[in-house]
Amino acid sequence: MIDELSKQYNPKISEDKWYKFWEENKLFSSKPSQDKLPYCIVIPPPNVTGILHMGHALNNSIQDILIRYKRMQGFESLWMPGTDHAGIATQNVVEKALAKEGLKRQDLGRQKFIQRVWQWKEQYGSTIIHQLKKLGASCDWSRERFTMDEDYSASVAEVFVALYEKKLIYQGNYIINWCPRCQTALSDEEAAHAELQGSLYYLKYPLKNNPLEFITVATTRPETMLGDTAVAVNPKDKRYKQYIGKTLILPLINRQIKIIADASVDMEFGTGAVKVTPAHDPNDYVLGKKHKLDFINVMAPDATMNDAAQKYSGLDRFKAREAILEDLGDLGLLEKINPHTLSAGHCYRCHTIVEPYLSKQWFVKMKPLARPAIEAVKKGKIKFHPQRWTKVYLNWMENIQDWCISRQIWWGHRIPVYYCKNCRQKNPEQGIIVSATKPDKCPKCKSADLFQEEDVLDTWFSSWLWPFATFYWPKESADLKYFYPTSTLVTAPEIIFFWVARMIMAGFEFKKQAPFKDIYIHGTVRDVEGKKMSKSLGNVIDPLEIIDEYGADALRFSLISITSQGQDVYLAKERFEQGRNFANKIWNASRFVLANLKPEEVNEDLCVFFKKEQLDIVNRWILSRFYSTLDKVGKELDGYKFNEAANSIYAFFWHEFCDWYLELIKPQINQKQTQVVMYKVLEKTLRMIHPFMPFITEEIWQRLPQAKNSIMQQSWPHLQKNLINIKNEQLMQTAFEIINTIRNMRAELDVGLQNRVNIKLAFSDKLKQESTQVLFNHIKNLAKIDSLSITEKYTAGVNEYVVLLKDMHIAMPLAGLVDAGAQIKKNQLKIDKLKSEIKNKEAMLDNKNFTQRAPKEIVEAERTKLDDMAGQIAKLEVIINGLR
RNA sequence: GGGCGCAUAGCUCAGUUGGUUAGAGCGCUACAUUCACAUUGUAGAGGCCAUAGGUCCGAGUCCUAUUGCGCCCACCA
């Protein structure tokens, strides 16, 4: 069977097969268990519109590693999957599809449009789920949730009502970020600021009393001047003191506006006089409230000018800007235009420049919610990994602003607010009924003429409940009790504010407990030049293509091995070759072991076997190295150092198990002890690799003679510290150096294999004590030498070579085979270097500060190092003499 | 304007609380090749650890300043 295995690992044959096998055997499912501890991760729900990109691939690989690791460790391990309805994003996608039919959402009407979105969701919404499966994600798919599921929506409504009743939700007229294209309000986080090249326009406003005298104001958005209701100056500003309280004539509109004084005006900027447009600028809004100015809205929701803009009515905001500038120019009221870089908010979905816009919206009061969430992080109940994100989080939380949660779109959770027509006719501020379900009649006037709020909730208003709403909160289910609070959240830095912070707040508000204990923030995946990967830049590396070309295991392993501690990942496609090559190495090493395995020989428990059998040095060594690696990998995984864990595994498997161990045992492969150790180490290593590379490890696992079930059901290898032997490891390390030195020497001297070579080893005491005939044989074998002898002196006879330990790079061939002069010079340099180092070390060892403060092992190490160096000098001197 | 991060081999990056001779992958050079694997093996070259000070017996690692990048937040109209 083994012989049939191809020389190369073929992920295409394995991946879908084993994924199906796992799913069919329900190996991902998890439920409350009495004798196991829970370990739970909730997935950051990808948008239903999403397609898998490298960010997802990284994010979900990490989660899968954690989940599989914990599962093998014996935790009841649950990875809760699902998708997010992604209000604006999804609505945009469906609107685009409609546009192709020449339709707008208004043509369908609200109900039909929402039906269309659901249809779309049925058809395409699980794309990303299928892609996650390709990646190997071991989510419990039977629990898959969607933020618009019926009971999930019920949770959302519940939360709205609860917060409203606590007076933490209010409605009000404020300047919000308005996307004219999506025609909805956006939260501050959704309006990402970006620099753009604009101009600063200097406009002259004439005084009413003296039309020949002007106050010049500077603005970046001249079209808003139509809504100006004042000009403000700093009261300390001598230039304008005399004008305070006087009246200006607003050009084009001929409105009379006052000059007011306010300390918030920066005298340095522009002219020191600022036009005040309370309905179109957040600062001006504050000024307007403070000075009781009029609020004049000059724009329609689509950012065309409205009737208040008089002759400019109907023009788009930027067209209006041009027209106004032209008209002002004609009137001689445009003083100058200076280039000016400014930062403006852009809609995070369609990148349209957002307009600060006065409108009535719903808000959540955040300060009271933030308090326990700040506390929990400060007290370490919730930990960020890496730690530095703690500061970022706290900084935002301590300056938190109220959250605008209403959106003027159709796709989403409709706000559970009902209005009584009757009551509102009497008083527009009255007749508000907040209720999770539609009330029959107005509790006040008993009228049945009710209508629901048109707006829907911000997408994140449902996502922030994810850690418990997925368990059907507010029902107190057994699942919720068992799995909440969850264990770890794995996510990207850009959604700390959007999502992570708000989940923590919701957790404390509604569950009185933090939603998770650890937060692992990984880096952003960028291209080689450090740019964010995006479709428009065309620098995207598609994970599915990588899976197709290199395999999912290769993708996972490569991604993980370059993700250090939340640093951003600069990714080049070649990076995946490393993962593919590693998979292939695992494949071939396993193929070798299996081909040489006598299944009846390996039916032994390693511990029992180890006791009755005296293992030789090589077998002892690989066991020691395996357990050292296992220990290290475990610690690294527990500390969220995924790249280090991956690299530890890689180094062990490739450079120790394959490069040395499998080579060393070839002559003794039929030996009983070698059979047992070779098999056991491979088998345990596969288990250790499984969380990282699930498919290939399963494929090989299934071919092991003792294989039972799935590798997923195996336990994480038990750490046997008694088998770790550092001295043995060091000894072997020395042996490897000897072998390499000899090999190197042979190559340098161009000694053919048939030529007789005798090697004398000049040993340090340590090696002599521990050396065994077995080790000698290994050295002879691998270095292909005929005889090996020990000498105390550093001399060699004819046709013999001396290898000096602890100074491996000097091999001294006799009979003038190398340039003696160069060798002498080289060695003399080394002696000089060593001498100066010895001087330093001696000074150090004389210093009481060092000998008292430094750990004993280190002092000891320094001492032996000093001795070694002295010994080396002696050897080098002998060599130099020999060469002369 | 505030905050955070980064600067180590040609390239991309590791380097745990300061402590043996600063590492890996890729790339490069030479050699090897029926013996698990060319998606391979062995060896080699290549580092004033950004700069300048400081603390310490000892600094890539800690402190201060400087320079150059990157990111996040913020209402300079």
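Letters A, B, ... are given to chains in the order of the sequence lines, protein chains preceding strands, and every chain is numbered from 1.
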Any protein N or O atoms within reach of nucleotides 7-10 of chain B? Criterion: under 3.5 Å, listing atom names and distances.
none

Touch class at under 4.0 angstrom, heavy-atom based, for A:V392 against every strand present: nothing

A:K598: side-chain hydrogen bond (donor to acceptor under 3.5 Å, both in side chains) partners, not counting sequence neighbours: none

Sugar-phosphate, base or nothing in reach of A:K666, heavy atoms under 4.0 Å: base

G-U wobble or Watson-Crick pairing nucleotide for B:G44 (cut-off 3.5 Å, both distances): B:C28

Whole angstrom value for the distance that separates P of B:G27 from CD of A:E577: 7 Å

A:N399 side-chain N/O to B:A74 phosphate OP1/OP2 under 4.0 Å: no

Touch class at under 4.0 angstrom, heavy-atom based, for A:F497 against every strand present: sugar-phosphate

Whole angstrom value for the distance that separates P of B:U40 from CD of A:Q578: 11 Å

Sugar-phosphate, base or nothing in reach of A:K585, heavy atoms under 4.0 Å: base

Flag for A:Y174-A:D402: side-chain donor and acceptor within less than 3.5 Å: no

Whole-Å gap separating P (B:C4) and CH2 (A:W389): 12 Å

Touch class at under 4.0 angstrom, heavy-atom based, for A:N395 against every strand present: nothing

B:A24 OP1/OP2 closer than 4.0 Å to side-chain N/O of A:H655: no

Touch class at under 4.0 angstrom, heavy-atom based, for A:H280 against every strand present: nothing

Inter-nucleotide P distance (B:G27, B:U16), Å rounded: 27 Å

Whole-Å distance separating the CZ atom of A:F582 from the P atom of B:A24: 16 Å

